Amino acid sequence: MEQTNKYLNLLLTILLSTIIGGLIMVFLGHNPIEAYIQLLRGAFVGKLNFGTTLQKFVPLLLTSVAFLVASRVGVFNVGVDGELYLGAIAAAWVGFTFTSVPGPILILMCLAIAVIVGAAWAYIPGSLKAYLGVNEICVTILMNYVATYITSYLVNGPLSAKTGVPQTPTIAEGAQLTKILKPSQANTGLFIALAIVAIIYWILQNTTIGYRFKSVGLNPMHAEYVGINPKKTIINSMLLSGAVGGLAGAIEVLGVYGYFLDGFSSGVGFDGMLVVLMVKGDMKMVPFVAFFIAALKAGALGMERYTGLPKSIVDTIIAIFIIFATMENLFSFYKKKRIKTVQASVSERD
């Protein structure tokens, strides 16, 4: 029953956000029905549009899961963006350096190095949190800047393609993931992402690793009492979180761009964090909300093209959705009313 109410609350939140977004459009002198029709067309109608939605969905899904894994032990890994950037540039370096390696092996090498680099970067705030009690939020936010500046230096210096654009050389053709729904940039990274998410969900729900994560997140002192090492568990969760973040960056390079482009990610790591906060850590709901956000972002371009409404309106709708979704008990007024009714009836009997 409680789970059903959670899903109902989410649907009502989406509906309310859509209505408020429509009122804003009316205030600006536009037809909200036409705008939403064009938004849906821009997100789902045609291979290019639907493929763009899937393209935006993949990194958002992976960064959401990366943040969720760390949050299971009570750690807020706000540094997923940094892990994504470093994983992406590591994958690009392998992709354009080892061009003689057969394609499938080269893809695995690119993904593996991205996972390792992402995990290694996440180990730093994880160990500081576990052993020294350093606030991981401050550390990961600051490390995002460090990672961004490192990659920016590399693409403008040692790893520059020298084309006048801050990017690395194009990776070998064999390292590029196969495109689906051409002419969009959607690629087989979608299936890799879904497989990884399914595996992580199984690990969190059905293994001792998931049990340790949950126990430490709920009560680290009790977890230590029953024989679970909280420090080691925190570090392990950050390693897994960083690995998923690095994988997201690798898929963007191998599947979408074909090279590392300076500043290619527009805060997708923070978007992933917001998705998890919206669903209150329920991993089963993460793919659906991530897809919803990706569809809004992809459809915004079509809405702007055909109605003249700026796509920033969609960002406003997303912001409203986030505000409402993170408000506790927004739609629980009926529960309070029912409780008051029951209490009143009990008082009358007395």
Side-chain angles (χ1 to χ4, degrees), residues 36-65 84-85 87-89 91-96 98-99 101-111 114 155 161 163 165-198 244 246-268 271-272 287-288 290-307 311 314:
Y36 282 130
I37 289 175
Q38 294 303 332
L39 188 146
L40 291 174
R41 287 175 57 86
F44 299 109
V45 178
K47 290 184 178 180
L48 175 61
N49 294 336
F50 185 55
T52 301
T53 298
L54 294 179
Q55 172 206 329
K56 293 182 179 296
F57 168 65
V58 170
L60 187 55
L61 174 64
L62 288 175
T63 54
S64 299
V65 172
L84 181 147
Y85 267 89
I89 199 167
W93 175 76
V94 171
F96 70 73
F98 301 95
T99 55
V101 177
I105 297 177
L106 185 56
I107 290 175
L108 291 176
M109 289 172 58
C110 292
L111 296 177
V155 296
T163 59
V165 178
Q167 67 177 64
T168 63
T170 302
I171 63 175
E173 186 174 348
Q176 298 180 27
L177 298 175
T178 304
K179 295 290 192 299
I180 57 176
L181 296 177
K182 293 180 180 180
S184 76
Q185 295 298 314
N187 56 82
T188 50
L190 169 68
F191 307 114
I192 297 174
L194 292 175
I196 293 297
V197 170
V244 176
L247 178 67
I251 290 176
E252 287 293 278
V253 166
L254 304 185
V256 177
Y257 297 95
Y259 50 81
F260 179 93
L261 178 66
D262 192 17
F264 73 94
S265 170
S266 55
V268 67
D271 290 339
F288 301 103
F291 185 79
F292 171 70
I293 300 297
L296 286 180
K297 288 182 175 291
L301 297 174
M303 184 186 73
E304 182 179 45
R305 184 181 305 117
Y306 292 106
T307 67
K311 60 186 181 68
V314 170

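What you see is a predicted model; the values in this text were computed from it and never measured.
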Mark yes or no for whether Thr99, through its side chain, and Phe96, through its backbone, hold a donor-acceptor pair below 3.5 Å. no
Checklist line | Whether over 12 other heavy atoms sit under 6.0 Å from Tyr306 OH | finding: no
Rounding to 0.5 Å, atoms CG (Asn187) and OG1 (Thr178) come to a distance of 8.5 Å
Does Ile192 reach the side chain of Leu111, with side-chain heavy atoms less than 4.5 Å apart? yes
- Does any non-hydrogen side-chain atom of Phe191 lie less than 4.5 Å from one of Val58? no
Tightest non-hydrogen contact, residues Cys110 and Val94, listed as SG-CG1, 3.8 Å
Heavy-atom nearest pair, Gly51 first then Ser184, reads CA-OG, 3.3 Å
Closer than 3.5 angstrom, by distance alone: can the side chain of Thr63 be matched with the main-chain N or O of Val268 as a donor-acceptor pair?
yes
Contacts of Asp262 meeting side-chain hydrogen bond (donor to acceptor under 3.5 Å, both in side chains) (sequence neighbours excluded), chain-then-number -> Ser152
With sequence neighbours left out, the residues meeting side-chain hydrogen bond (donor to acceptor under 3.5 Å, both in side chains) with Gln38 are Glu34
Does the ring pair (Phe, Tyr, Trp, His ring centres under 6.0 Å) test come out yes or no for Phe98 and Trp93, once each step is laid out?
-> CA-CA 8 Å; Phe98 301 95; Trp93 175 76; 5.6 Å; yes
Practice problem: Anything under 30° is parallel, anything over 60° is perpendicular, the rest tilted; go ahead and classify Phe44 against Phe50. | Solution: tilted
On a heavy-atom basis, the closest approach of Gly87 and Ala114 is O-CB, 3.3 Å
Open item on the list: Is the shortest side-chain heavy-atom distance between Asp271 and Lys297 below 4.5 Å?
Closed with: yes
Task: Side-chain touch Gln185/Lys179, heavy atoms, less than 4.5 angstrom - done: yes
>> Is there a side-chain contact (heavy atoms from CB on, under 4.5 Å) between Val256 and Gln55? Walk through the geometry before answering.
In response: CA-CA 8 Å; Val256 177; Gln55 172 206 329; 3.7 Å; yes
Correct closest heavy-atom pair for Thr168 and Ala92 would be OG1-CB, 3.9 Å
Taken to the nearest 0.5 Å, the spacing of Leu61 CG from Phe288 CZ works out to 11.0 Å
task: Could you check if a side-chain atom of Gln167 sits within less than 4.5 angstrom of a side-chain atom of Val155, using non-hydrogen atoms only?
output: no
Query raised in the report: Under a 4.5 Å cut-off applied to non-hydrogen side-chain atoms, are Phe57 and Leu190 in contact?
Result: yes
So, Asn49 side chain and Arg41 main chain: donor-acceptor pair closer than 3.5 Å or not? yes
Interatomic distance, OH@Tyr259 vs CD1@Ile89, rounded to 0.5 Å, equals 14.0 Å
Does the side chain of Leu39 come within less than 4.5 Å of Val314's, by heavy atoms?
yes
Under a 3.5 Å distance rule, please check whether Lys56 uses its side chain to pair with a backbone N or O of Leu296 as donor and acceptor. no
Show your reasoning for whether side-chain contact (heavy atoms from CB on, under 4.5 Å) applies to Leu84 and Phe264. CA-CA 10 Å; Leu84 181 147; Phe264 73 94; 3.4 Å; yes
Q | Minimum side-chain heavy-atom gap Thr170-Gln176 below 4.5 Å | A | yes
When every non-hydrogen atom of Leu177 is compared with those of Thr188, the smallest separation belongs to CB-OG1, 3.6 Å
request  = Could you tell me whether the side chain of Thr53 and the main chain of Ala294 form a donor-acceptor pair under 3.5 Å?
outcome  = no
(message) Over 60° means perpendicular and under 30° means parallel, so tell me whether Tyr85 and Phe260 are parallel, tilted or perpendicular.
(response) perpendicular
In terms of heavy-atom contacts, Ala43 and Ala295 come closest through CB-O, 3.4 Å
